[in-house]
Visitor: 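Before I ask anything, let me first share the structure, which is written out below as structure tokens.
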Amino acid sequence: MTGDLPRFIPHTEDDVREMTAAIGVRDLEALFDCVPEKLRLTRLLDLPAAASEQEVVRELSALAGRNAHAESHPWFLGGGIYAHYVPAAVHALASRAEFYTAYTPYQPEISQGTLQTIFEWQTMICALTGLEVSNASLYDGASAAAEAVLLAMRTTRRERIVVAHGLHPHYGDVLRTYLRALSVDIDWLPRAGDGRSAPVAPAVDDATACVVVQSPSFLGPVQDLRAAAEAAHAHGAMLVVVVTEPLSLALFQAPGALGADVVCGEAQGFGVPMSLGGPALGFLATRDRFVRQLPGRLVGETVDTRGRRGYVLTLSTREQHIRREKATSNICTNQGLCLLYATIYLALLGRIGLRKLARLNYAKAEYLKRRVRETPGLSLPLAAPGFNEFVVGVPDSGAAALARALDGGIVGGLDLAPYEPELGASVLVCATELATRDAIDQLVARLAAAGAGAGTAP
Amino acid sequence: MTGDLPRFIPHTEDDVREMTAAIGVRDLEALFDCVPEKLRLTRLLDLPAAASEQEVVRELSALAGRNAHAESHPWFLGGGIYAHYVPAAVHALASRAEFYTAYTPYQPEISQGTLQTIFEWQTMICALTGLEVSNASLYDGASAAAEAVLLAMRTTRRERIVVAHGLHPHYGDVLRTYLRALSVDIDWLPRAGDGRSAPVAPAVDDATACVVVQSPSFLGPVQDLRAAAEAAHAHGAMLVVVVTEPLSLALFQAPGALGADVVCGEAQGFGVPMSLGGPALGFLATRDRFVRQLPGRLVGETVDTRGRRGYVLTLSTREQHIRREKATSNICTNQGLCLLYATIYLALLGRIGLRKLARLNYAKAEYLKRRVRETPGLSLPLAAPGFNEFVVGVPDSGAAALARALDGGIVGGLDLAPYEPELGASVLVCATELATRDAIDQLVARLAAAGAGAGTAP
Amino acid sequence: MSDPRDDCGPEAVGHATRGITWEEPLLFERSVRGRVGYSLPDLDVPDADPADAFGAELLRDDLPGLPELSEVDVVRHFTRLSTWNAAVDLGLYPLGSCTMKYNPKVNEALARLPGFAAAHPLQPAALAQGFLELAWRLETALAEISGMDRVTLQPAAGAQGELAGIMMVRAYHEHRGERRRVVLVPDSAHGTNPASAALNDYRVVSIPSGADGILHPEAVAHAMTDEVAALMITNPNTLGLFETHIAELCEIVHARGGLVYGDGANLNALLGIARPGDLGIDVMHFNLHKTFSTPHGGGGPGSGPVGVKNILAPYLPVPVIHRREGSEGAGFSLDYEFPLSIGRLHANFGNAGMFVRAWAYLRSLGPDGLRRCAEMAVLNANYVLAKLRDEWHVPIDRPVMHECVLSDQALAATGVTTLDVAKRLIDYGYHPPTVYFPLIVHGALMIEPTESEPREGLDRFIAALSAIAAEARSDSELVRTAPHRTRHGRLDETRAARRPVLRWQPDPPAS
Amino acid sequence: MSDPRDDCGPEAVGHATRGITWEEPLLFERSVRGRVGYSLPDLDVPDADPADAFGAELLRDDLPGLPELSEVDVVRHFTRLSTWNAAVDLGLYPLGSCTMKYNPKVNEALARLPGFAAAHPLQPAALAQGFLELAWRLETALAEISGMDRVTLQPAAGAQGELAGIMMVRAYHEHRGERRRVVLVPDSAHGTNPASAALNDYRVVSIPSGADGILHPEAVAHAMTDEVAALMITNPNTLGLFETHIAELCEIVHARGGLVYGDGANLNALLGIARPGDLGIDVMHFNLHKTFSTPHGGGGPGSGPVGVKNILAPYLPVPVIHRREGSEGAGFSLDYEFPLSIGRLHANFGNAGMFVRAWAYLRSLGPDGLRRCAEMAVLNANYVLAKLRDEWHVPIDRPVMHECVLSDQALAATGVTTLDVAKRLIDYGYHPPTVYFPLIVHGALMIEPTESEPREGLDRFIAALSAIAAEARSDSELVRTAPHRTRHGRLDETRAARRPVLRWQPDPPAS
Ligand SMILES: Cc1ncc(COP(=O)(O)O)c(C=O)c1O
Ligand SMILES: Cc1ncc(COP(=O)(O)O)c(C=O)c1O
């Protein structure tokens, strides 16, 4: 920059002179007298010199230009973060400075906009999960799953966990990380032939705090939640259901209605930009009786001095700023703005639209499945039905098949080799409302064989 | 769309039923009984069927993708609309719905945001032009120039106009269009050798309503405004100065200080997106004594019932909604939102920044000039100095030279053949703060000769 | 709070209340010497001193009139200012004749795409095919919607459209060797109509509306002479009434060699229902910022395309967008070969950014959606009328189209005027309707709900107007001193006009 | 208006007033059967009935808990809600410990570029080089700023950063065969510190701060045993004081084999002035949403990168971004080969969108600008303290760094508490400071102006606090019943906790 002061630090040299005088210090340097001489940095930081706004825009636009994205390519890559269309109204409203330049609504009289939004979110998450209480977001689906397990351990005072096959592998990693310090024994169940998890019943015992089941699973199949609930409850354990594609909640029976005690996961699919997987939107809902074990912020209804309805943060005795080492979680800053995105999105899609959208996703995936079935060289290794994502067996290797798709300008899905090697050459593909029939036909042709074009479609 | 109702027309079929009942009509059809049967359209309009939001985004994004723009190419094309960097804060603030979904502030108590902004704009335009009163925008620079001439004709009750050479040719066209119905005699002055206009003095007489001088001229040169003012005033005529690159006002003496009675033109350069030339921002300022002849809206200061300062639309007896056929202009809807863009922009750049930016533009243009001078095959046909834009003589033809630039990914300027054929093979090039030294070197090399690369730069 | 100035009636009605608002002075009063709100790149070329070329006296040495502020100051300034406005996104804005419909958000996002927002009007047509195609499609769609043969998008707003239209009328007559000097304008017309005619040096003759609020053939026949170049008509008119005699009126004018100009400001009521071209209109303007949902921007920009019948096509402003079939798909170019053209009206294409929004809107609605607009707009206006008919005076009580007009006559005894009602509506959270227009209705309150308002929203608005009527009788002072909830009380417009203060000036330094 | 509840003192001070505000019910109360706010593409493939695969009982037949609204309803709903918030863009938000600095607009625009906002975490590294380079550059810059050797960006907020940091500490000790069970935390620490330690199954031992508000070597030495895994220290601490004994404290801990965790929430005060790594800190977290200007989003998202010295590098969470020099420039890949890694903390990269904003911020400021942040933040805090020292009780009156802490003790006689002062500040247009934290100060008012506030803004804030102190003495009722200007009066938090209503439920149908 032309040696100008930073445009968003308002102090002029006159300000500095008068303010140091008012404070009674010699100069700016003197403000740091409390920092022992020998601890002070005696050089400038070794960082690139300041750039002007137009240069910063150029630099970062160039970096952005070197990333593929769902608007530059037909997109079949899911695996926990989903490419859905986000209505323009969501961005327009979430960009209101009163929302995004505020912080946690500690002072309700001047934060009702944020508080009412959270209350609306809590209400809709309860409706979608079939449960009674939802918090005001957690970091992401993975930490939400870990917090759910901790909630179950606190509630049951047990330390054994059963994890059904199909939990997102990264969630599994995060769960291990969160539990490392605690002496927890985790039983990871194998996969059944149809792609679902092996039955949980045999694994549950009276020492089990909870059974964790992701449905639809990482590989796509919808799991048998009712059986899992019965097995868990038979031993006084809790059922934690994990959801990574929230849109599936609009199609399938609410996990709460099938016996889940906690439903948690990732709500990015509800109108939050993919943004390389973060900021995302962890959610967690449970039953009223577990509310005092709930991690994170919670908003409740109350009245003001004039008897007028309003909203406040409540039951904070669960939280770190009051309970400190005895808190239900250490979370403080959460994913509030993503919650706003999702609340606006759900308000727009609503009772009817969200179900229609889920059906649309299902139909696209089913068509893709059919085309896979019809196409020599491709296979459907897993028989269990799912929502908008499933495993496709490819002739050579996942990497090769995806490279062919990319040659056709298509981001074709996720190579499963690093995740489920025993599935052989396969990719995880996801079809949302953004997938056109033409793109699907192209994808199938390219996954199947080198050089093949959409021509192979009937 | 899936046969759904439009998402932004809220009526449900129940609403329709109950409302028609309340009105006492049979059905919707009956609401149009007042439209004679035989005049009604008996078919659906022949338009493409409704598309979903995601499809509309795809379609229009594809169309947008087929236009070159200042972020996709180094940009040296000006000629009345200028590529300047617009700070992100301008867009962020101008996107506040309270600004852009409101209309003309007829009701001041609920429109102070818009009114104060206009008052601030009026103040800054007065400062920039060196005049005393500014209106709240006109359609664009061309209609502003036409309105200025009409103002002068009303004021002087004369019908002869002298137009110095260098008025933007499109402005000249619009002036002709506006004056066609009135019996006006327009004297178009020729160009002097140095690129400025031939002296105006000889052309002015006692029948002359005004002298119109654009400075910097369409071809770049700064004109002799003082001489024009003296010549005009000597015969009781007014001097109308037209400005198409408003940033030049930050570098040069205010036209008002040099004797201009009206300063008008295009303010797009002040932070308004180029947007293919519209919406643009016509401005017009004059002296207090001519205020009753001013076209367009005007905001003034006043107080409310509690003595608190506030702003209102004022002196509207000039306007069509009061004066009808006797109004000073027929304008109603103006370019309010563009005025907001420019007011925010000027607030950010401010007293110091705007001058620095002008100097930056000048330096870039001077460097480009120097490189042209040094480069065999290129010439500077016009000697008179200017601001950030000037004419470059090229070896073969403007079209060929610009095609070479485009091969290098550069939008190199405007081919002057259609505008100033007698200048021979030449292009009008403009260098703003967006032009990097490297791009300038590339441009010069490519304008000069086929295949030449930046290599030719020292 | 119990102060009636503060609390306006039952919550059921009061759609607004009082809350905290931030104060904010003028930019100039916030300015601090040396404060920086800009950031400019370093010079990567040698600096150049303009004094070398111009000499100091031609250069400015300072810009004292501009402020010095940081980005933080500026952001807070305009964010706060914005909170003082009413807006469509905050609530019903039933400004009659302005069609303040909701502006779909996706239109804004699309208009901001660099391919539109950062494109230049003078870039070669080959580099602007996407824009030219969009503009061409929009022209074609507007022609179909209106029943016109050709459309130009150039006029920047309705009034400039009128100007262009009347210019074409003039060119048409002149080309046929006729020098007609009169334009007929109904007394209910918007001010821009006579103003646009006058700008074309036409003498304006006003035609009285009938007692039923519409034009009658006799009135027009009586005024129609060979001197008359055109009749300017607004249909539906400014009372919200359909001009049922339109066909006959056009015949009368045409019979004497005149043309009929249609003011399309109220086209919203006719979308898919009837087409001006089919009614006999020869030339008309559209207001993209009304009928086609481009935002009003706090006063503009608008966009006023003009549609014409073939007889007027030769006179269209240039350039005209031309579509040619090419080997690989269609191509678009700019055509200047219109020898009879009235010329240019805009330095470039007009308000191009509005074309993008309007086209996105048309694509979102399609033929059924457009018709739905008209139906719901008319439904809403008639619903409001039906619910208010008993309590309020309705000067001309007939079924309306997109808007209805009430008057303050029923409140005469209370001393409460239309202006008072408008101001009191603000306390209830509504932007007031258009007031005192059309001029032929004394104390007019012109209400245009548009199709964007849901039924329950109208019910609240209706309840507010009823409550105000009651207040006028029970506590007229409360209404006459409104608004009470806004940051400002009623502003003194007379004072502003008597002692005009039109810009900020620093107080003389108190030395 | 003269009601003191409505008009707070001289305009000079009152930076806020009352204006109109729109009411708005819950989404669910606005819902209307059959209303549509979505638009979905037609099915271009055969429809498929999930019942065929799942049978009806596994499917949902309705979503009664969700509303049915049009886009207009939704836009008005959230636009109105937004107007009920205080925000940095509206005014000073001096929430202590949260560093509510201004969020430059360009950062938002850049984070919304499709190349960032629409990119996927699992796309091949080859298709995400721009992002990986940005993340790598940010890591490198944070390391330089903090004096740490390596940085991970994965933690989603400061608290998760603490968790990660303490996990690494734990892994470090365990790898050396040590099983230490205690973490030392000063009594002035933020609640997340003990909570994070506890999540790692550490016993938390609280260290008392000295009378001068900082930690003393004796106190730490006294608590330091071979059982202690780490000391968690916040520097500057939550009283805004620099821990002058930091070097000695670190030595004490290191001498007994412990490590020192630095809570970087207050790093803003040290930018370019001193580096935690040079002070002896072994591991620390950054809060990008504080120090590096990413917006607080109404509660989040934040971002809590963690920096470590080389001794802890083997334990960093995976994946780690790896940079390799390639023929045509550098390339970036994801490295999972960290056998001793604590593992993953986030399903993906962490809050990547915040990396973009933070990097844009760093590029905009450069080394001089960063130092300027620290200087102006510290200048502002000391200025506020200097101006309020006489009127307000300052529990520990020493030169501060980025924030200062007052208490309500001076008002004890008036019965006005810190909470009352906070609420009354709202009437003056300010978001209240952090209250009742740090816990060691009774009735704490923790004020962090940050560098974003101009001097005259601080003067107004100071005047407001003085005015409130005066009001407390002259009309304590006015302060104890504040706020008065907001849409809501003081809300009953006790009732909310006693009878929790945590979601909306329809009233039982009155059948
Ligand atoms: C009936 C009528 N005609 C013409 C106009 C002028 O249109 P514009 O404001 O776009 O110039 C208006 C605008 O309010 C109008 O209501
Ligand atoms: C001193 C201190 N430490 C830690 C934290 C926790 O950081 P975060 O909210 O980002 O999780 C905070 C947040 O307010 C804090 O102020």
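Just so it is clear, the model here is predicted, and its values are computed rather than measured. Within every chain, numbering begins at 1; the chains are lettered A, B, ... in the order of the sequence lines, protein sequences first and strands thereafter.
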Visitor: Return yes if some donor-acceptor pair links the side-chain N/O of Glu120(B) with the main-chain N/O of Leu27(C) below 3.5 Å, else return no.
Guide: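 Side chain of Glu120(B) to backbone of Leu27(C), a donor-acceptor pair under 3.5 Å: yes, one is there.
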Visitor: The test is side chain to side chain contact (heavy atoms under 4.5 Å, CB included); show your working for Leu379(C) and Ile23(B) and say whether it passes.
Guide: CA-CA 8 Å; Leu379(C) 180 68; Ile23(B) 294 166; 3.7 Å; yes
Visitor: Chain B heavy atoms under 4.5 Å from Ala386(C): which part of the residue, side chain, backbone, both or neither?
Guide: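 Only the side chain of Ala386(C) comes within 4.5 Å of chain B.
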Visitor: For residues Tyr383(C) and Ala22(B), report the shortest heavy-atom separation together with the two atoms involved.
Guide: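 Between these two residues, the closest heavy atoms are CE1-CB, 3.7 Å.
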Visitor: If we only count heavy atoms from C-beta on, is the Asn348(C) to Leu276(B) side-chain gap below 4.5 Å?
Guide: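 Side chain of Asn348(C) against side chain of Leu276(B), heavy atoms only: no contact under 4.5 Å found.
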Visitor: Can you tell which part of Ala422(C) gets under 4.5 Å to a heavy atom of chain B, answering side chain, backbone, both or neither?
Guide: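 Just the side chain, heavy atoms under 4.5 Å.
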Visitor: CG of Leu63(C) to CE of Met124(B): how many Å apart, nearest 0.5 Å?
Guide: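 Result: 11.0 Å between the selected atoms.
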Visitor: Let me confirm one number: the CG-CZ distance from Leu298(B) to Arg503(C), rounded to the nearest 0.5 Å.
Guide: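 If I round to the nearest 0.5 Å, the distance is 12.0 Å.
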Visitor: For chain C, find which of Asp33(B), Val299(B), Ile9(B) contributes the most heavy-atom pairs closer than 4.5 angstrom.
Guide: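 If we count pairs closer than 4.5 Å to chain C, Ile9(B) comes out on top.
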Visitor: I need the minimum non-hydrogen distance between Pro279(B) and Met354(C), along with the two atoms involved.
Guide: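 Looks like CG-CE, 3.9 Å.
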Visitor: Among Val174(B), Leu357(B), Thr104(B), which residue has the highest count of heavy-atom pairs closer than 4.5 Å to chain C?
Guide: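 The residue among Val174(B), Leu357(B), Thr104(B) with the greatest pair count is Val174(B).
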Visitor: Measure Ile145(C) against the heavy atoms of chain B and call it side chain, backbone, both or neither at under 4.5 Å.
Guide: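 For Ile145(C), heavy atoms of backbone and side chain both lie under 4.5 Å from chain B.
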Visitor: With distance as the sole test, does Arg359(B) use its side chain to make a donor-acceptor pair with the main-chain N or O of Ala48(C) at under 3.5 Å?
Guide: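 Yes.
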Visitor: Using only heavy-atom distances, determine whether the side chains of Asn103(C) and Thr101(B) contain a donor-acceptor pair under 3.5 Å.
Guide: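 On atom types as modelled, these side chains do not qualify, holding no pair under 3.5 Å.
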Visitor: Do you know the tightest heavy-atom contact between Leu365(C) and Pro6(B)?
Guide: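 That would be CD2-CB, 3.6 Å.
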Visitor: Are Ser95(B) and Arg112(C) packed together at the side-chain level, in the sense that at least one heavy-atom pair is separated by less than 4.5 angstrom?
Guide: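 Yes, side chains in contact.
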Visitor: Does Ala181(B) offer a backbone N or O that forms a donor-acceptor pair with the side chain of Asn200(C) under 3.5 Å?
Guide: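 Not at all, since once roles are kept as given, no pair shorter than 3.5 Å links the two residues.
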Visitor: In Å, rounded to the nearest 0.5 Å, how long is the span from NE2 of His77(C) to CG of Leu348(B)?
Guide: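 Separation between the atoms: 11.0 Å.
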Visitor: Kindly determine whether Phe252(B) and Leu59(C) satisfy side chain to side chain contact (heavy atoms under 4.5 Å, CB included), including the steps that lead there.
Guide: CA-CA 4 Å; Phe252(B) 300 114; Leu59(C) 301 176; 3.7 Å; yes
Visitor: Taking the side chain as everything from C-beta on, heavy atoms only, tell me whether Leu345(C) gets closer than 4.5 Å to Ser143(B).
Guide: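 No, side chains not in contact.
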Visitor: Decide, yes or no, whether a salt bridge links Lys364(B) with Asp44(C) under the criterion of side-chain N to carboxylate O below 4.0 Å.
Guide: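 Looking at Lys364(B) and Asp44(C), the cut-off is met.
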Visitor: What verdict does the side chain to side chain contact (heavy atoms under 4.5 Å, CB included) test give for Asn382(C) and Val25(B), after you've listed the backbone C-alpha separation in whole Å, the side-chain angles of each residue and the deciding distance to 0.1 Å?
Guide: CA-CA 10 Å; Asn382(C) 282 285; Val25(B) 289; over 6 Å; no
Visitor: Which atom names give the shortest non-hydrogen contact between Phe242(C) and Cys34(B), and what distance separates them?
Guide: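 Heavy atoms of Phe242(C) and Cys34(B) come nearest at CD2-O, 3.5 Å.
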Visitor: Please round to the nearest 0.5 Å and tell me the distance separating atom CE of Met376(C) and atom CG of Asp15(B).
Guide: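 Rounded to the nearest 0.5 Å, the CE-CG separation comes to 9.0 Å.
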Visitor: Given the side-chain rings of Tyr93(C) and Tyr103(B), with only the six-membered ring counted for Trp, is the space between their centroids under 6.0 Å?
Guide: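 No, they do not, as the ring centres are separated by 6.0 Å or more.
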Visitor: Between Glu59(B), Arg180(B), His170(B), Arg297(B), which has the largest tally of heavy atom pairs under 4.5 Å with chain C?
Guide: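 Of Glu59(B), Arg180(B), His170(B), Arg297(B), His170(B) has the most heavy-atom pairs under 4.5 Å with chain C.
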Visitor: Just by modelled atom types, is the Val303(B) backbone N or O under 3.5 Å from a matching donor or acceptor in the Asp492(C) side chain?
Guide: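 Side chain of Asp492(C) to backbone of Val303(B), a donor-acceptor pair under 3.5 Å: no, none is there.
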Visitor: Can you tell me if Asp173(B) uses its side chain to pair, donor with acceptor, with the backbone of Arg344(C) under 3.5 Å?
Guide: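 Such a contact is absent between Asp173(B) side chain and Arg344(C) backbone.
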Visitor: Give a yes or no on whether the backbone of Ile81(B) and the side-chain of His120(C) come within a donor-acceptor separation of less than 3.5 Å.
Guide: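 At least one qualifying donor-acceptor pair exists.
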Visitor: So, using side chain to side chain contact (heavy atoms under 4.5 Å, CB included) as the criterion, who are the partners of Ala247(C) when residues are at least two apart?
Guide: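 Side chain to side chain contact (heavy atoms under 4.5 Å, CB included) check on Ala247(C) returns Lys38(B), Leu39(B).
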Visitor: Considering only heavy atoms and a distance below 4.5 Å, find which of Cys332(B), Ala327(B), Ala142(B), Pro36(B) pairs most often with chain C.
Guide: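 Option with the greatest count: Pro36(B).
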Visitor: Under the side chain to side chain contact (heavy atoms under 4.5 Å, CB included) rule, what do Gln123(C) and Trp75(B) come out as? Steps first, then yes or no, please.
Guide: CA-CA 10 Å; Gln123(C) 67 198 50; Trp75(B) 206 265; 3.2 Å; yes
Visitor: So which residue, Arg176(B), His321(B), Glu18(B), Glu266(B), ends up with the most heavy-atom pairs under 4.5 Å with chain C?
Guide: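 Ranked by contacts with chain C, first place is Glu18(B).
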Visitor: So, do Arg363(C) and Glu55(B) sit near enough that their side-chain heavy atoms are less than 4.5 Å apart?
Guide: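 No. Closest side-chain heavy atoms not under 4.5 Å.
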Visitor: Report yes if the side chains of Trp504(C) and Glu301(B) come closer than 4.5 Å at any heavy-atom pair, otherwise no.
Guide: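 SC-SC contact between Trp504(C) and Glu301(B) ruled out.
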Visitor: Do Asn85(C) side-chain atoms and Gly113(B) backbone N/O form a donor-acceptor pair below 3.5 Å?
Guide: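 At least one qualifying donor-acceptor pair exists.
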Visitor: Does any non-hydrogen side-chain atom of Arg455(C) lie less than 4.5 Å from one of Pro10(B)?
Guide: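 They are not in side-chain contact.
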Visitor: Is there a side-chain contact between Gln320(B) and Ser196(C), using heavy atoms and a 4.5 Å cut-off?
Guide: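 Heavy-atom side-chain distance check fails, nothing below 4.5 Å.
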Visitor: Between Glu144(C) and Asp46(B), is there a donor-acceptor pair closer than 3.5 Å when you use the side chain of the first and the backbone of the second?
Guide: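 Such a contact is found between Glu144(C) side chain and Asp46(B) backbone.
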Visitor: Considering non-hydrogen atoms only, spot the tightest contact between Pro367(C) and Pro48(B) and give its length.
Guide: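 Taking every non-hydrogen atom into account, CD-O, 3.4 Å.
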Visitor: To the nearest 0.5 angstrom, please state how far the CG atom of Leu199(C) sits from the CG atom of Asn330(B).
Guide: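 Interatomic distance, Leu199(C) CG to Asn330(B) CG, rounded to 0.5 Å: 5.0 Å.
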Visitor: Heavy-atom distance under 4.5 Å between the side chains of Leu40(C) and Glu433(B), does that happen here?
Guide: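 SC-SC contact between Leu40(C) and Glu433(B) ruled out.
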Visitor: Please name the pair of heavy atoms, one in Ala118(C) and one in Met274(B), separated by the smallest distance, quoted to 0.1 Å.
Guide: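 Shortest heavy-atom separation between Ala118(C) and Met274(B) comes out as O-CE, 3.3 Å.
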Visitor: As an exercise, state the distance from CZ of Arg96(B) to OG1 of Thr83(C), rounded to the nearest 0.5 Å.
Guide: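 Arg96(B) CZ to Thr83(C) OG1: 7.5 Å, rounded to 0.5 Å.
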Visitor: For Leu249(B), does its backbone N or O pair with a side-chain atom of Arg60(C) as donor and acceptor, under 3.5 Å?
Guide: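 Looks like yes, one N/O pair under 3.5 Å.
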Visitor: Select, from Val291(B), Leu251(B), Leu315(B), the one with the greatest count of heavy-atom pairs under 4.5 Å involving chain C.
Guide: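 Option with the greatest count: Leu251(B).
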Visitor: Using a 3.5 Å distance criterion without hydrogens, assess whether the side chain of Thr177(B) forms a donor-acceptor pair with backbone atoms of Ile342(C).
Guide: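 Such a contact is found between Thr177(B) side chain and Ile342(C) backbone.
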Visitor: Check each atom of Arg371(C) against the heavy atoms of chain B and say whether the ones under 4.5 Å are side chain, backbone, both or neither.
Guide: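 When you check distances to chain B, only side chain atoms of Arg371(C) fall under 4.5 Å.
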Visitor: Whether the Asn351(C) and Gln335(B) side chains hold a donor-acceptor pair (N or O, under 3.5 Å, no angle test) is what I'd like checked.
Guide: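 On atom types as modelled, these side chains qualify, holding a pair under 3.5 Å.
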